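This structure is a prediction, so every number in the text was calculated from the model and none was measured. Throughout, protein chains are lettered first and strands after them, A, B, ... in sequence-line order, and every chain is numbered starting at 1.
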2 protein chains.
Amino acid sequence: MNISEAARRSGLSAKTIRYYEDIDLVAPAARGDNGYRQYDSKAVEELHFLARAREVGFDLLECRQLLGLQRDTSRQSRHARQLVLEKSRQLQTRIEQLVAMQKVLQAMADRCKGDEGPECAILEVLAAAPEGGESA
Amino acid sequence: MNISEAARRSGLSAKTIRYYEDIDLVAPAARGDNGYRQYDSKAVEELHFLARAREVGFDLLECRQLLGLQRDTSRQSRHARQLVLEKSRQLQTRIEQLVAMQKVLQAMADRCKGDEGPECAILEVLAAAPEGGESA
DNA sequence: GCTTGACCTTCCAGTGACAGGAAGGTTTAC
DNA sequence: GTAAACCTTCCTGTCACTGGAAGGTCAAGC
């Protein structure tokens, strides 16, 4: 099949598939007589594997490692598990950051009247001097 | 004061301050006889305002709008409130995505033995065919 | 006066993971 | 014959910076 069909089946865009080939994340696709890339179901499976890994938050370097494990029949499952647990921790940290940010935003919105006047608690909070006031 | 002191007080890096000047987010700093940028407390306040806005998740375009409101004494606080509420919604969406991703990761880790063997539920999940199985 | 080190300047390149688009070749359908 | 829908490569742009090179300036110590 051509690249657009491989894209449809794998869940990646054709652009992304070419990019992954470019950076040697996947092996170069076979080519037809016309120079078009040709994909078989095995190639599509790898692409789909990558799409899934990206969806749950792995970056391309990690995807490379996961794909290496997937290809390696003598792998050790603890290596995959380590990657997953580390990524989970990273997501947890990021989630906590975003929640904290959102709390600040909510607090600002709650205090702001949001009317036609210029007085605005949001801008006041953003403009507030750093805590630990110096006196000069 | 010079740029490194302004950086220290505002919470931005000197690099970032120059960058903000470069993209016209802040007005060009005054220059001393030696060509060094000079900052007064008013300039530092604006930089600090930007640092705060970035911390709670606004991108530079939004920072530009917020700074515009901050400078405009005839502003309407509802404009600031709209920006905050929209950003809050965006963060909420992002948080939900990350939580969903993390759930998948946790489920994978829970099912994987994580030992010396090759059998690995994580890789199985990532490699699983798209749902809605075709039969060819 | 000289050196050392900490500043400062500008400018260019790189990051991650692609997306958009130009310029051109191929295939398919009518 | 031609239009459209593919495909190819190559270049640029995104976002918000960071790192580094090459070079000018300043303050302190000897």
Side-chain angles (χ1 to χ4, degrees), chain A residues 1-26 28-40 43-44 46-67 87 90-91 94 97-98 101, chain B residues 1-26 28-40 43-44 46-67 87 90-91 94 97-98 101:
Chain A
M1 78 194 80
N2 288 345
I3 197 168
S4 66
E5 178 63 13
R8 200 189 59 74
R9 294 200 196 180
S10 67
L12 297 171
S13 73
K15 280 271 189 195
T16 298
I17 294 174
R18 288 195 201 96
Y19 174 67
Y20 286 178
E21 183 179 317
D22 223 48
I23 62 170
D24 285 316
L25 182 54
V26 296
R31 298 291 181 129
D33 292 345
N34 50 15
Y36 288 13
R37 288 176 181 79
Q38 292 298 316
Y39 296 87
D40 57 18
V44 169
E46 279 210 349
L47 293 170
H48 180 66
F49 181 94
L50 290 169
R52 285 266 182 122
R54 293 287 294 124
E55 278 167 18
V56 296
F58 290 105
D59 63 31
L60 292 189
L61 185 56
E62 290 155 347
C63 284
R64 210 179 281 272
Q65 298 180 260
L66 285 167
L67 203 51
K87 182 55 57 182
Q90 287 173 16
L91 282 188
R94 186 66 185 142
Q97 285 173 358
L98 293 183
M101 287 156 61
Chain B
M1 77 194 81
N2 288 345
I3 197 167
S4 65
E5 179 64 14
R8 200 190 59 74
R9 293 200 196 182
S10 67
L12 297 172
S13 73
K15 280 274 191 194
T16 298
I17 294 174
R18 287 194 201 98
Y19 174 67
Y20 285 178
E21 184 180 318
D22 223 48
I23 62 170
D24 285 316
L25 182 55
V26 296
R31 300 289 183 128
D33 293 344
N34 50 17
Y36 289 12
R37 288 176 181 79
Q38 291 300 316
Y39 297 88
D40 57 18
V44 169
E46 279 210 347
L47 293 171
H48 180 65
F49 180 94
L50 290 170
R52 284 267 181 121
R54 294 288 294 124
E55 278 167 19
V56 295
F58 290 105
D59 62 31
L60 292 188
L61 185 57
E62 290 155 347
C63 284
R64 210 179 281 270
Q65 298 179 263
L66 286 167
L67 203 50
K87 182 55 56 184
Q90 288 174 18
L91 282 188
R94 186 66 186 141
Q97 286 173 359
L98 294 183
M101 288 157 60

Rounding to a whole Å, what distance do you find between [X]:[atom1] and [N]:[atom2]?
X	N	atom1	atom2	value
A:Leu25	C:dG16	CG	P	13 Å
B:Tyr19	D:dT14	OH	P	10 Å
A:Arg8	D:dC6	CZ	P	12 Å
A:Leu61	C:dC18	CG	P	14 Å
B:Leu50	D:dA16	CG	C1'	13 Å
A:Leu60	C:dT15	CG	C1'	13 Å
A:Ile17	D:dC7	CD1	C1'	13 Å
A:Asp59	C:dC18	CG	C1'	14 Å

Excluding sequence neighbours, so at least two apart, what forms salt bridge (charged side-chain N to carboxylate O under 4.0 Å, His left out) with [X]?
X	answer
B:Arg8	B:Glu5
A:Arg54	none
B:Arg37	B:Glu21

task: Assign a letter to each nucleotide of nucleotides 7-12 of chain C from its 5' end: B, base within under 4.0 Å of a protein heavy atom; S, sugar-phosphate only; -, no contact.
output: BSBBB-
field: Side-chain heavy-atom pair B:Leu50, B:Phe58 within 4.5 angstrom cut-off
entry: no
field: Partner set under side-chain contact (heavy atoms from CB on, under 4.5 Å) for A:Ser13, not counting sequence neighbours
entry: A:Lys15, A:Thr16
- prompt: Looking at residues at least two apart in the chain, or sitting in another chain, which of them share a side-chain contact (heavy atoms from CB on, under 4.5 Å) with B:Phe49?
  reply: A:Leu123, A:Leu126, A:Ala127, B:Leu66, B:Leu67, B:Gln70
message: If you compare every side-chain N and O of A:Ser13 against the phosphate oxygens of C:dC18 (OP1, OP2), does one of them come in below 4.0 Å?
response: no
field: Distance below 4.0 Å between B:Thr16 side-chain N/O and D:dA16 OP1 or OP2
entry: no
